[in-house]
Amino acid sequence: MFEALGNRLTGVFDKLRRRGALSDADVQEALREVRIALLEADVALPVVKDLVNRVRDRAVGQEVIRSVSPAQQVIKIVNDALVEALGGGEGDDGKRGIDLNAPAPLPILMVGLQGSGKTTTSGKIALRLRTRDRKKVLLASLDVHRPAAQLQLQQLADRAEVTCLPIVAGQKPLEIAARALDVARRELFDVVILDTAGRLSIDAELMAEVAAVKAFAKPHETLLVVDAMTGQDAVQTARAFNEQVGVTGIVMTRVDGDARGGAALSMRAVTGAPIKLLGAGEKLDALEDFHPDRIANRILGMGDIVSLVERAAETIDQAEAEKLAKKMQKGSFDLEDYAQQIKQIGKMGSLSGILGMLPGVGKMKAQIENANLDQSMLKRQAAIISSMTVKERRKPDLIKASRKKRIAAGSGTTVQEVNRLLKQFDDMSDMMKRMNKMGQKGLMRGGLASLMPGLGNKRPF
(Lines give C-alpha, C1' and ligand atoms only; values in the text may rest on other atoms or scores of the structure.)
Protein backbone atom coordinates (compact mmCIF):
# COMPACT_ATOMS: atom_id res chain seq x y z
CA MET A 1 0.00 0.00 0.00
CA PHE A 2 2.85 2.40 0.81
CA GLU A 3 5.13 1.31 -2.04
CA ALA A 4 5.08 4.57 -4.05
CA LEU A 5 5.46 6.73 -0.93
CA GLY A 6 8.26 4.53 0.38
CA ASN A 7 10.16 4.66 -2.92
CA ARG A 8 9.84 8.46 -3.06
CA LEU A 9 11.04 8.96 0.52
CA THR A 10 13.90 6.49 0.02
CA GLY A 11 15.09 8.61 -2.90
CA VAL A 12 14.99 11.76 -0.75
CA PHE A 13 17.03 10.15 2.04
CA ASP A 14 19.55 8.63 -0.37
CA LYS A 15 20.37 12.17 -1.52
CA LEU A 16 20.91 13.25 2.09
CA ARG A 17 23.22 10.30 2.79
CA ARG A 18 25.43 11.18 -0.17
CA ARG A 19 25.95 14.73 1.10
CA GLY A 20 27.47 13.84 4.45
CA ALA A 21 27.36 17.08 6.45
CA LEU A 22 24.04 18.90 6.04
CA SER A 23 23.17 22.57 5.99
CA ASP A 24 19.83 24.12 6.89
CA ALA A 25 19.21 24.52 3.16
CA ASP A 26 19.74 20.77 2.60
CA VAL A 27 17.20 19.91 5.28
CA GLN A 28 14.67 22.41 3.95
CA GLU A 29 15.01 21.00 0.43
CA ALA A 30 14.49 17.47 1.74
CA LEU A 31 11.39 18.57 3.64
CA ARG A 32 9.92 20.10 0.48
CA GLU A 33 10.33 16.77 -1.28
CA VAL A 34 8.83 14.93 1.71
CA ARG A 35 5.83 17.28 1.54
CA ILE A 36 5.34 16.61 -2.18
CA ALA A 37 5.67 12.85 -1.61
CA LEU A 38 2.98 12.91 1.10
CA LEU A 39 0.61 14.96 -1.06
CA GLU A 40 1.13 12.60 -4.01
CA ALA A 41 0.32 9.71 -1.66
CA ASP A 42 -3.10 11.33 -1.07
CA VAL A 43 -2.44 12.34 2.54
CA ALA A 44 -4.86 15.03 3.76
CA LEU A 45 -3.38 18.54 3.48
CA PRO A 46 -3.78 19.44 7.20
CA VAL A 47 -2.01 16.19 8.11
CA VAL A 48 0.82 16.93 5.68
CA LYS A 49 1.30 20.42 7.12
CA ASP A 50 1.32 19.14 10.69
CA LEU A 51 3.74 16.30 9.94
CA VAL A 52 6.19 18.45 7.96
CA ASN A 53 6.10 21.22 10.60
CA ARG A 54 6.79 18.65 13.29
CA VAL A 55 9.78 17.31 11.38
CA ARG A 56 11.05 20.82 10.60
CA ASP A 57 10.94 21.86 14.26
CA ARG A 58 13.09 18.88 15.21
CA ALA A 59 15.36 18.68 12.16
CA VAL A 60 16.35 22.29 11.54
CA GLY A 61 19.03 23.30 14.00
CA GLN A 62 22.38 22.40 15.44
CA GLU A 63 21.23 18.97 16.72
CA VAL A 64 21.09 17.60 13.18
CA ILE A 65 23.76 19.73 11.53
CA ARG A 66 26.38 18.69 14.10
CA SER A 67 25.23 15.08 14.35
CA VAL A 68 27.71 12.31 13.63
CA SER A 69 25.33 10.99 10.97
CA PRO A 70 23.00 13.87 10.04
CA ALA A 71 21.14 11.97 7.31
CA GLN A 72 20.29 9.14 9.73
CA GLN A 73 19.20 11.71 12.29
CA VAL A 74 16.74 13.24 9.80
CA ILE A 75 15.41 9.78 8.87
CA LYS A 76 14.84 9.00 12.57
CA ILE A 77 12.96 12.28 13.02
CA VAL A 78 10.75 11.53 9.98
CA ASN A 79 10.19 7.99 11.27
CA ASP A 80 9.09 9.30 14.68
CA ALA A 81 6.73 11.80 13.03
CA LEU A 82 5.18 9.05 10.87
CA VAL A 83 4.66 6.84 13.93
CA GLU A 84 2.87 9.68 15.73
CA ALA A 85 0.72 10.44 12.66
CA LEU A 86 -0.29 6.77 12.47
CA GLY A 87 -1.34 6.76 16.12
CA GLY A 88 1.80 5.55 17.90
CA GLY A 89 4.47 7.35 19.88
CA GLU A 90 3.82 8.95 23.26
CA GLY A 91 0.52 7.98 24.81
CA ASP A 92 0.32 4.77 22.83
CA ASP A 93 -0.59 2.04 25.29
CA GLY A 94 0.69 -0.68 22.98
CA LYS A 95 -2.66 -2.50 22.80
CA ARG A 96 -3.57 -3.61 19.30
CA GLY A 97 -6.59 -5.22 17.77
CA ILE A 98 -10.01 -5.52 19.35
CA ASP A 99 -10.56 -4.68 23.01
CA LEU A 100 -12.13 -7.74 24.67
CA ASN A 101 -11.98 -6.38 28.20
CA ALA A 102 -15.74 -6.40 28.94
CA PRO A 103 -18.37 -8.81 30.32
CA ALA A 104 -19.74 -11.47 27.96
CA PRO A 105 -21.53 -11.38 25.66
CA LEU A 106 -19.43 -8.53 24.27
CA PRO A 107 -21.18 -6.77 21.35
CA ILE A 108 -19.12 -5.55 18.37
CA LEU A 109 -20.88 -3.28 15.88
CA MET A 110 -19.58 -3.29 12.30
CA VAL A 111 -20.38 -0.15 10.29
CA GLY A 112 -19.35 1.25 6.92
CA LEU A 113 -20.39 1.87 3.34
CA GLN A 114 -21.54 -0.85 0.98
CA GLY A 115 -18.64 -2.47 -0.87
CA SER A 116 -16.01 -1.64 1.76
CA GLY A 117 -15.66 -5.31 2.74
CA LYS A 118 -17.65 -5.01 5.97
CA THR A 119 -19.33 -8.43 5.83
CA THR A 120 -16.14 -10.23 4.84
CA THR A 121 -14.28 -8.42 7.64
CA SER A 122 -16.95 -9.60 10.12
CA GLY A 123 -16.15 -13.18 9.10
CA LYS A 124 -12.41 -12.55 9.40
CA ILE A 125 -12.79 -11.11 12.90
CA ALA A 126 -14.96 -14.06 13.91
CA LEU A 127 -12.31 -16.53 12.75
CA ARG A 128 -9.59 -14.54 14.50
CA LEU A 129 -11.50 -14.46 17.80
CA ARG A 130 -12.28 -18.18 17.62
CA THR A 131 -8.75 -19.36 16.77
CA ARG A 132 -6.51 -16.80 18.45
CA ASP A 133 -8.54 -15.71 21.45
CA ARG A 134 -10.53 -18.94 21.96
CA LYS A 135 -13.84 -17.08 22.02
CA LYS A 136 -17.29 -18.45 21.28
CA VAL A 137 -18.58 -16.10 18.56
CA LEU A 138 -22.06 -15.36 17.22
CA LEU A 139 -22.42 -13.57 13.88
CA ALA A 140 -25.64 -11.67 13.08
CA SER A 141 -26.49 -9.83 9.86
CA LEU A 142 -28.64 -6.72 10.30
CA ASP A 143 -28.53 -5.96 6.57
CA VAL A 144 -32.11 -6.32 5.33
CA HIS A 145 -31.54 -4.05 2.31
CA ARG A 146 -28.90 -5.80 0.23
CA PRO A 147 -30.05 -9.04 -1.42
CA ALA A 148 -28.32 -12.17 -0.08
CA ALA A 149 -26.33 -10.18 2.53
CA GLN A 150 -27.55 -12.44 5.34
CA LEU A 151 -26.83 -15.55 3.29
CA GLN A 152 -23.30 -14.29 2.59
CA LEU A 153 -22.62 -13.90 6.31
CA GLN A 154 -24.01 -17.39 6.93
CA GLN A 155 -21.53 -18.82 4.41
CA LEU A 156 -18.65 -16.90 6.01
CA ALA A 157 -19.68 -18.21 9.43
CA ASP A 158 -19.58 -21.77 8.10
CA ARG A 159 -16.06 -21.23 6.72
CA ALA A 160 -14.91 -19.64 10.01
CA GLU A 161 -16.61 -22.45 11.96
CA VAL A 162 -18.64 -20.10 14.13
CA THR A 163 -22.38 -19.73 14.72
CA CYS A 164 -24.55 -17.42 12.63
CA LEU A 165 -27.93 -16.18 13.83
CA PRO A 166 -30.68 -17.95 11.83
CA ILE A 167 -32.43 -15.76 9.27
CA VAL A 168 -36.03 -14.79 10.03
CA ALA A 169 -37.73 -13.16 7.05
CA GLY A 170 -39.35 -9.77 7.62
CA GLN A 171 -37.48 -8.76 10.77
CA LYS A 172 -36.13 -5.22 11.11
CA PRO A 173 -32.51 -4.46 12.14
CA LEU A 174 -33.43 -3.63 15.75
CA GLU A 175 -35.42 -6.85 16.06
CA ILE A 176 -32.50 -8.87 14.71
CA ALA A 177 -30.10 -7.14 17.13
CA ALA A 178 -32.40 -7.88 20.07
CA ARG A 179 -32.69 -11.55 19.06
CA ALA A 180 -28.91 -11.83 18.60
CA LEU A 181 -28.17 -10.41 22.05
CA ASP A 182 -30.80 -12.63 23.63
CA VAL A 183 -29.38 -15.76 21.98
CA ALA A 184 -25.86 -14.71 22.98
CA ARG A 185 -26.90 -14.37 26.62
CA ARG A 186 -28.86 -17.62 26.76
CA GLU A 187 -26.30 -19.75 24.90
CA LEU A 188 -23.25 -18.24 26.65
CA PHE A 189 -21.50 -16.68 23.69
CA ASP A 190 -18.41 -14.60 24.44
CA VAL A 191 -18.75 -12.19 21.52
CA VAL A 192 -21.63 -11.20 19.22
CA ILE A 193 -20.73 -9.40 15.98
CA LEU A 194 -23.51 -7.24 14.53
CA ASP A 195 -22.98 -6.60 10.81
CA THR A 196 -25.06 -3.52 9.91
CA ALA A 197 -26.28 -2.50 6.46
CA GLY A 198 -24.28 -0.15 4.28
CA ARG A 199 -25.13 2.31 1.52
CA LEU A 200 -23.38 3.42 -1.63
CA SER A 201 -22.95 6.81 0.03
CA ILE A 202 -23.59 8.43 3.41
CA ASP A 203 -27.21 9.50 3.91
CA ALA A 204 -29.56 10.37 6.76
CA GLU A 205 -31.39 7.02 6.62
CA LEU A 206 -28.16 5.05 6.99
CA MET A 207 -26.95 7.11 9.93
CA ALA A 208 -30.31 6.96 11.69
CA GLU A 209 -30.43 3.17 11.37
CA VAL A 210 -26.84 2.70 12.63
CA ALA A 211 -27.38 5.15 15.50
CA ALA A 212 -30.55 3.33 16.58
CA VAL A 213 -28.81 -0.05 16.60
CA LYS A 214 -25.87 1.37 18.53
CA ALA A 215 -28.14 3.00 21.13
CA PHE A 216 -29.94 -0.32 21.64
CA ALA A 217 -26.99 -2.75 21.56
CA LYS A 218 -24.52 -0.52 23.45
CA PRO A 219 -21.51 -2.13 21.70
CA HIS A 220 -18.15 -2.30 23.44
CA GLU A 221 -16.47 -1.77 20.06
CA THR A 222 -17.85 0.11 17.05
CA LEU A 223 -15.56 -0.71 14.15
CA LEU A 224 -15.70 1.31 10.95
CA VAL A 225 -14.62 -0.64 7.86
CA VAL A 226 -13.14 1.51 5.08
CA ASP A 227 -11.62 0.61 1.73
CA ALA A 228 -8.02 1.84 1.48
CA MET A 229 -8.38 2.00 -2.31
CA THR A 230 -10.81 4.94 -2.06
CA GLY A 231 -8.13 7.32 -0.77
CA GLN A 232 -9.46 10.58 0.66
CA ASP A 233 -13.05 9.36 0.24
CA ALA A 234 -12.26 6.84 2.98
CA VAL A 235 -11.12 9.71 5.22
CA GLN A 236 -14.35 11.65 4.59
CA THR A 237 -16.37 8.51 5.34
CA ALA A 238 -14.49 7.98 8.59
CA ARG A 239 -15.02 11.60 9.64
CA ALA A 240 -18.78 11.41 8.93
CA PHE A 241 -19.32 8.15 10.83
CA ASN A 242 -17.22 9.32 13.75
CA GLU A 243 -19.08 12.64 14.05
CA GLN A 244 -22.59 11.23 13.67
CA VAL A 245 -22.32 7.77 15.23
CA GLY A 246 -18.98 7.55 17.02
CA VAL A 247 -16.42 4.82 16.32
CA THR A 248 -13.86 3.20 18.60
CA GLY A 249 -11.64 1.86 15.85
CA ILE A 250 -11.06 1.57 12.11
CA VAL A 251 -10.43 -1.48 9.95
CA MET A 252 -8.78 -0.77 6.60
CA THR A 253 -9.40 -3.31 3.84
CA ARG A 254 -7.62 -3.99 0.54
CA VAL A 255 -4.30 -2.71 1.83
CA ASP A 256 -2.65 -5.32 -0.42
CA GLY A 257 -3.81 -3.34 -3.48
CA ASP A 258 -2.20 -0.34 -5.11
CA ALA A 259 -3.64 2.23 -2.68
CA ARG A 260 -1.26 5.13 -2.11
CA GLY A 261 -1.52 4.96 1.68
CA GLY A 262 -2.66 8.52 2.32
CA ALA A 263 -5.88 7.40 3.97
CA ALA A 264 -4.02 5.46 6.66
CA LEU A 265 -1.77 8.42 7.42
CA SER A 266 -4.80 10.72 7.67
CA MET A 267 -7.23 8.57 9.67
CA ARG A 268 -5.92 9.12 13.19
CA ALA A 269 -5.53 12.89 12.82
CA VAL A 270 -8.93 13.37 11.17
CA THR A 271 -11.04 11.10 13.40
CA GLY A 272 -9.04 10.55 16.58
CA ALA A 273 -9.99 6.86 16.30
CA PRO A 274 -7.11 4.38 15.92
CA ILE A 275 -6.67 2.01 13.01
CA LYS A 276 -6.96 -1.37 14.70
CA LEU A 277 -6.82 -3.96 11.93
CA LEU A 278 -5.70 -4.32 8.32
CA GLY A 279 -7.33 -6.60 5.77
CA ALA A 280 -4.77 -7.77 3.21
CA GLY A 281 -6.59 -10.25 0.98
CA GLU A 282 -9.81 -12.15 0.42
CA LYS A 283 -8.90 -15.17 2.57
CA LEU A 284 -10.52 -15.30 5.99
CA ASP A 285 -7.16 -15.39 7.75
CA ALA A 286 -5.88 -12.30 5.88
CA LEU A 287 -6.26 -9.94 8.84
CA GLU A 288 -3.50 -8.42 10.94
CA ASP A 289 -3.04 -5.96 13.79
CA PHE A 290 -2.08 -2.41 12.89
CA HIS A 291 1.27 -1.36 14.39
CA PRO A 292 2.19 2.30 13.69
CA ASP A 293 5.91 1.74 14.28
CA ARG A 294 6.06 -1.25 11.95
CA ILE A 295 4.13 0.54 9.20
CA ALA A 296 6.47 3.54 9.49
CA ASN A 297 9.43 1.18 9.15
CA ARG A 298 7.96 -0.28 5.98
CA ILE A 299 7.38 3.18 4.51
CA LEU A 300 11.01 4.14 5.11
CA GLY A 301 12.37 0.87 3.72
CA MET A 302 13.46 -0.51 7.10
CA GLY A 303 11.37 -3.65 6.71
CA ASP A 304 9.18 -5.33 9.31
CA ILE A 305 11.00 -8.37 10.62
CA VAL A 306 8.78 -8.62 13.73
CA SER A 307 5.60 -9.02 11.65
CA LEU A 308 7.36 -11.50 9.38
CA VAL A 309 8.39 -13.64 12.35
CA GLU A 310 4.89 -13.43 13.84
CA ARG A 311 3.31 -14.49 10.55
CA ALA A 312 5.73 -17.40 10.30
CA ALA A 313 4.95 -18.46 13.88
CA GLU A 314 1.22 -18.44 13.11
CA THR A 315 1.40 -20.35 9.83
CA ILE A 316 4.36 -22.73 10.02
CA ASP A 317 3.77 -26.16 11.55
CA GLN A 318 6.34 -26.45 14.32
CA ALA A 319 6.35 -30.26 14.33
CA GLU A 320 6.96 -30.35 10.57
CA ALA A 321 9.71 -27.73 10.89
CA GLU A 322 11.51 -29.76 13.58
CA LYS A 323 11.17 -32.94 11.52
CA LEU A 324 12.60 -31.15 8.48
CA ALA A 325 15.50 -29.72 10.52
CA LYS A 326 16.51 -33.22 11.64
CA LYS A 327 16.44 -34.48 8.04
CA MET A 328 18.62 -31.57 6.97
CA GLN A 329 21.15 -32.40 9.68
CA LYS A 330 21.28 -36.00 8.45
CA GLY A 331 21.62 -34.88 4.82
CA SER A 332 18.47 -36.76 3.78
CA PHE A 333 16.53 -33.73 2.43
CA ASP A 334 14.47 -34.74 -0.66
CA LEU A 335 11.87 -33.24 -3.02
CA GLU A 336 9.00 -34.30 -0.74
CA ASP A 337 10.54 -32.10 1.96
CA TYR A 338 11.03 -29.33 -0.58
CA ALA A 339 7.33 -29.53 -1.50
CA GLN A 340 6.42 -29.28 2.19
CA GLN A 341 8.55 -26.11 2.46
CA ILE A 342 6.79 -24.62 -0.57
CA LYS A 343 3.44 -25.32 1.10
CA GLN A 344 4.54 -23.65 4.34
CA ILE A 345 5.79 -20.54 2.50
CA GLY A 346 2.53 -20.34 0.55
CA LYS A 347 0.60 -20.13 3.82
CA MET A 348 2.50 -16.97 4.75
CA GLY A 349 1.05 -15.03 1.80
CA SER A 350 2.39 -13.63 -1.45
CA LEU A 351 6.12 -13.54 -2.13
CA SER A 352 6.01 -9.80 -2.74
CA GLY A 353 4.30 -9.32 0.63
CA ILE A 354 6.93 -11.41 2.42
CA LEU A 355 9.79 -9.62 0.65
CA GLY A 356 8.25 -6.25 1.49
CA MET A 357 8.87 -7.00 5.17
CA LEU A 358 12.60 -7.44 4.64
CA PRO A 359 14.84 -4.40 5.23
CA GLY A 360 16.29 -2.81 2.10
CA VAL A 361 14.19 -4.77 -0.38
CA GLY A 362 12.78 -1.55 -1.82
CA LYS A 363 16.20 -0.76 -3.27
CA MET A 364 16.33 -4.24 -4.84
CA LYS A 365 12.95 -3.89 -6.53
CA ALA A 366 14.44 -3.54 -10.02
CA GLN A 367 16.63 -6.62 -9.49
CA ILE A 368 13.66 -8.62 -8.25
CA GLU A 369 11.62 -7.65 -11.29
CA ASN A 370 14.53 -8.54 -13.61
CA ALA A 371 14.74 -11.92 -11.91
CA ASN A 372 11.15 -12.61 -13.07
CA LEU A 373 9.92 -13.38 -9.56
CA ASP A 374 6.47 -14.72 -10.38
CA GLN A 375 3.62 -14.87 -7.85
CA SER A 376 2.61 -18.29 -9.23
CA MET A 377 6.17 -19.70 -9.15
CA LEU A 378 5.63 -21.67 -5.94
CA LYS A 379 2.37 -23.15 -7.23
CA ARG A 380 4.07 -24.29 -10.44
CA GLN A 381 6.93 -25.85 -8.51
CA ALA A 382 4.45 -27.67 -6.26
CA ALA A 383 2.63 -28.94 -9.38
CA ILE A 384 5.91 -30.22 -10.85
CA ILE A 385 6.76 -32.16 -7.68
CA SER A 386 3.20 -33.54 -7.50
CA SER A 387 3.61 -34.94 -11.03
CA MET A 388 6.60 -37.04 -9.95
CA THR A 389 6.37 -40.55 -8.59
CA VAL A 390 7.23 -41.18 -4.94
CA LYS A 391 10.46 -42.83 -6.06
CA GLU A 392 11.42 -39.79 -8.16
CA ARG A 393 10.74 -37.38 -5.31
CA ARG A 394 12.94 -39.37 -2.97
CA LYS A 395 15.70 -39.98 -5.55
CA PRO A 396 15.78 -36.99 -7.94
CA ASP A 397 18.87 -38.44 -9.72
CA LEU A 398 16.49 -40.86 -11.46
CA ILE A 399 14.85 -38.01 -13.38
CA LYS A 400 16.30 -38.05 -16.90
CA ALA A 401 15.04 -36.63 -20.23
CA SER A 402 12.01 -38.91 -20.79
CA ARG A 403 10.84 -38.53 -17.19
CA LYS A 404 11.22 -34.74 -17.40
CA LYS A 405 8.93 -34.66 -20.45
CA ARG A 406 6.32 -36.74 -18.60
CA ILE A 407 6.54 -34.56 -15.47
CA ALA A 408 6.26 -31.35 -17.52
CA ALA A 409 3.20 -32.65 -19.38
CA GLY A 410 1.55 -33.80 -16.15
CA SER A 411 2.11 -30.48 -14.36
CA GLY A 412 1.25 -28.20 -17.29
CA THR A 413 4.76 -26.73 -17.31
CA THR A 414 7.84 -26.99 -19.55
CA VAL A 415 10.95 -29.14 -19.41
CA GLN A 416 12.94 -25.95 -18.79
CA GLU A 417 10.91 -25.26 -15.63
CA VAL A 418 11.48 -28.84 -14.45
CA ASN A 419 15.23 -28.39 -15.03
CA ARG A 420 15.18 -25.10 -13.12
CA LEU A 421 13.46 -26.71 -10.13
CA LEU A 422 15.93 -29.60 -10.08
CA LYS A 423 18.86 -27.16 -10.31
CA GLN A 424 17.50 -25.14 -7.36
CA PHE A 425 17.07 -28.34 -5.37
CA ASP A 426 20.63 -29.47 -6.18
CA ASP A 427 22.02 -26.07 -5.12
CA MET A 428 20.08 -26.27 -1.85
CA SER A 429 21.29 -29.81 -1.20
CA ASP A 430 24.92 -28.80 -1.85
CA MET A 431 24.57 -25.87 0.54
CA MET A 432 23.20 -28.14 3.28
CA LYS A 433 26.09 -30.57 2.81
CA ARG A 434 28.56 -27.71 3.23
CA MET A 435 26.77 -26.58 6.39
CA ASN A 436 26.96 -30.09 7.86
CA LYS A 437 30.67 -30.38 7.01
CA MET A 438 31.56 -26.97 8.43
CA GLY A 439 29.62 -27.35 11.64
CA GLN A 440 28.55 -24.41 13.77
CA LYS A 441 32.09 -23.04 14.37
CA GLY A 442 33.05 -23.27 10.74
CA LEU A 443 29.82 -21.61 9.69
CA MET A 444 30.49 -18.71 12.03
CA ARG A 445 34.07 -18.33 10.73
CA GLY A 446 33.26 -18.58 7.05
CA GLY A 447 29.87 -16.90 7.01
CA LEU A 448 27.29 -17.21 4.25
CA ALA A 449 29.83 -16.23 1.60
CA SER A 450 31.56 -19.59 2.04
CA LEU A 451 28.25 -21.40 1.52
CA MET A 452 27.29 -19.50 -1.63
CA PRO A 453 30.47 -18.62 -3.57
CA GLY A 454 30.01 -16.27 -6.51
CA LEU A 455 26.62 -15.07 -5.30
CA GLY A 456 27.51 -11.49 -6.20
CA ASN A 457 27.62 -12.45 -9.89
CA LYS A 458 24.17 -14.04 -9.83
CA ARG A 459 20.66 -12.77 -9.87
CA PRO A 460 19.07 -12.40 -6.38
CA PHE A 461 16.51 -15.09 -7.13
**Item:** Distance in Å, Asp143 CG paired with Leu153 CG, rounded so as to fall on 0.5 Å steps
**Value:** 9.5 Å
**Message:** Can you give me the closest heavy-atom contact between Ala228 and Met252, atom names plus distance?
**Reply:** CB-CE, 3.6 Å
**Asked** Measuring from Leu277:CG to Ile250:CD1, what's the distance to the nearest 0.5 Å?
**Response** 11.5 Å
**Message:** Holding to side-chain contact (heavy atoms from CB on, under 4.5 Å), I want the full list of residues that pass it with Ser387, two or more places apart in sequence or in another chain.
**Reply:** Ile407, Ser411
**Prompt:** Side chains of Leu129 and Asp190: does their closest heavy-atom pair fall under 4.5 Å?
**Reply:** no
**Message:** Please determine whether the number of non-hydrogen atoms from other residues, nucleotides or ligands lying under 6.0 Å from atom CZ of Arg35 exceeds 12.
**Reply:** no
**Item:** Test item: Phe290 and Leu86 side chains (from C-beta on) under 4.5 Å apart, heavy atoms
**Value:** yes
**Listed partners of Phe425 passing ring pair (Phe, Tyr, Trp, His ring centres under 6.0 Å), at least two apart** = Phe333
**Side-chain donor-acceptor contact under 3.5 Å, Asn53 with Arg56** = yes
**Request:** Answer yes or no: is there a side-chain heavy-atom contact under 4.5 Å between Gln154 and Gln150?
**Result:** no
**Request:** For residues 206-217, pull every pair meeting side chain to side chain donor-acceptor pair (under 3.5 Å), keeping only residues two or more places apart or in separate chains.
**Result:** His145-Glu209
**For the student: nearest non-hydrogen atoms of Met267 and Ala238, plus distance** = SD-CB, 3.5 Å
Determine all donor-acceptor pairs shorter than 3.5 Å in which one atom belongs to a side chain in residues 159-180; sequence neighbours excluded.
residue: Gln171; atom: OE1; partner: Arg179; partner atom: NE; Å: 2.9
residue: Gln171; atom: OE1; partner: Arg179; partner atom: NH2; Å: 3.0
residue: Glu175; atom: OE1; partner: Lys172; partner atom: N; Å: 2.7
residue: Arg179; atom: NH1; partner: Pro166; partner atom: O; Å: 3.0
residue: Arg179; atom: NH2; partner: Pro166; partner atom: O; Å: 3.0

**Asked** Which residues satisfy the salt bridge (charged side-chain N to carboxylate O under 4.0 Å, His left out) test with Asp182, sequence neighbours excluded?
**Response** Arg186
Identify every side-chain donor-acceptor pair in residues 105-125 under 3.5 Å, counting partners at least two apart or on other chains, and give the distances.
residue: Ser116; atom: OG; partner: Leu113; partner atom: O; Å: 2.8
residue: Ser116; atom: OG; partner: Val225; partner atom: O; Å: 3.3
residue: Lys118; atom: NZ; partner: Asp195; partner atom: OD1; Å: 3.4
residue: Lys118; atom: NZ; partner: Thr196; partner atom: O; Å: 2.4
residue: Thr119; atom: OG1; partner: Arg146; partner atom: NH2; Å: 3.3
residue: Thr119; atom: OG1; partner: Asp195; partner atom: OD2; Å: 2.8
residue: Thr121; atom: OG1; partner: Gly117; partner atom: O; Å: 2.6
residue: Ser122; atom: OG; partner: Lys118; partner atom: O; Å: 3.0
residue: Lys124; atom: NZ; partner: Gly281; partner atom: O; Å: 2.5
residue: Lys124; atom: NZ; partner: Ala286; partner atom: O; Å: 3.3

**Request:** Keeping the roles fixed (side chain from Glu221, backbone from Asp99), state whether a donor-acceptor pair exists under 3.5 Å.
**Result:** yes
